[in-house]
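Structure first, then comments.
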Amino acid sequence: MKFIVDAHLPKSICSYFISEGHEAIHTSELPQGNNTEDHEILVIAVRDQATVVSKDSDFYHSFLLYRKPPKLVVVKVGI
């Protein structure tokens with residue numbers, strides 16, 4: 001499985017996915033780094049059939065409306 005971990009989450013999450021045998025990239029590793037626009041992350045996720053891991057509600061709304069990214073893990077913390 002492939003994962004793209006969004007900027008608001010620690011890069012160490014990628015290390016965990018990789019240790020479990022998955023492919024993972026943090027947005028800081030993309031050409032535009034953590035300044036990569038959400039739209040570009042969606043393009044990459046669709047192209048690579050990757051799961052986006054994010055705290056960003058914009059991805060949640062995009063998933064509900066357009067089914068993009070193809071797979072999404074929304075991380076919620078606190079209350």
Side-chain angles (χ1 to χ4, degrees):
M1 194 171 229
K2 296 179 183 180
F3 294 93
I4 301 172
V5 179
D6 197 16
H8 300 13
L9 295 170
K11 192 174 180 178
S12 61
I13 292 174
C14 292
S15 300
Y16 172 76
F17 287 135
I18 292 168
S19 74
E20 294 296 313
H22 303 288
E23 294 179 40
I25 188 168
H26 191 269
T27 54
S28 64
E29 300 173 77
L30 296 173
Q32 298 292 324
N34 286 334
N35 293 322
T36 304
E37 297 287 332
D38 289 351
H39 173 73
E40 182 62 26
I41 295 169
L42 290 175
V43 168
I44 296 167
V46 169
R47 180 191 72 207
D48 296 347
Q49 288 297 296
T51 300
V52 173
V53 182
S54 180
K55 293 186 342 183
D56 190 344
S57 63
D58 291 346
F59 285 114
Y60 175 72
H61 294 118
S62 175
F63 179 79
L64 289 178
L65 292 171
Y66 308 110
R67 292 293 184 225
K68 293 180 184 178
K71 296 174 229 147
L72 176 66
V73 173
V74 177
V75 177
K76 297 262 187 184
V77 294
I79 297 176

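Ser62 places a side-chain heavy atom less than 4.5 Å from the side chain of Leu42. You'll find the side chain of Gln32 stays beyond 4.5 Å of the side chain of Glu37, heavy atoms only. Side-chain contact between Lys55 and Asp6: absent, with no pair of heavy atoms (C-beta onward) separated by less than 4.5 Å.
In this structure, CG on Leu72 lies 10.5 Å from CZ on Arg67, to the nearest 0.5 angstrom. For the atom pair CD of Glu40 and CG of Asn35, the computed distance is 13.0 Å after rounding to the nearest 0.5 Å.
The cluster map of Ile, Leu, Val, Met, Phe, Trp and Tyr, joined by side-chain heavy atoms under 4.5 Å apart, puts Ile18 and Val52 in different clusters. Met1 and Val53 fall within a single hydrophobic cluster, where Ile, Leu, Val, Met, Phe, Trp and Tyr side chains are chained together by heavy-atom contacts under 4.5 Å. Residues Ile4 and Ile13 do not share a hydrophobic cluster, defined by chaining ILVMFWY side chains whose heavy atoms lie under 4.5 Å apart.
Counted by atom type alone, Asn34 and Thr27 present one or more donor-acceptor pairs between their side chains at under 3.5 Å.
Judged by distance alone, the side chain of His26 and the main-chain N or O of Leu9 form a donor-acceptor pair under 3.5 Å.
Pro10 and Val5 get closest at one heavy-atom pair: O-CG1, 4.1 Å. Across all non-hydrogen atoms, the minimal contact from Pro69 to Ala45 is CB-CB, 3.9 Å. The two residues Lys68 and Val46 come nearest to each other via the heavy atoms CG-CG2, 4.1 Å.
In this structure, His39 places its NE2 atom where only 12 or fewer heavy-atom neighbours from other residues, nucleotides or ligands lie under 6.0 Å away. The number of heavy atoms from other shown groups lying within 6.0 Å of CZ (Phe63) is above 12.
The aromatic rings of Phe3 and Phe17 lie parallel to each other, with less than 30° between the two planes, well short of the 60° mark.
Here the options are Ile41, Val73, Leu64, the test is side-chain contact (heavy atoms from CB on, under 4.5 Å), and the partner is Phe59; only Ile41 passes.
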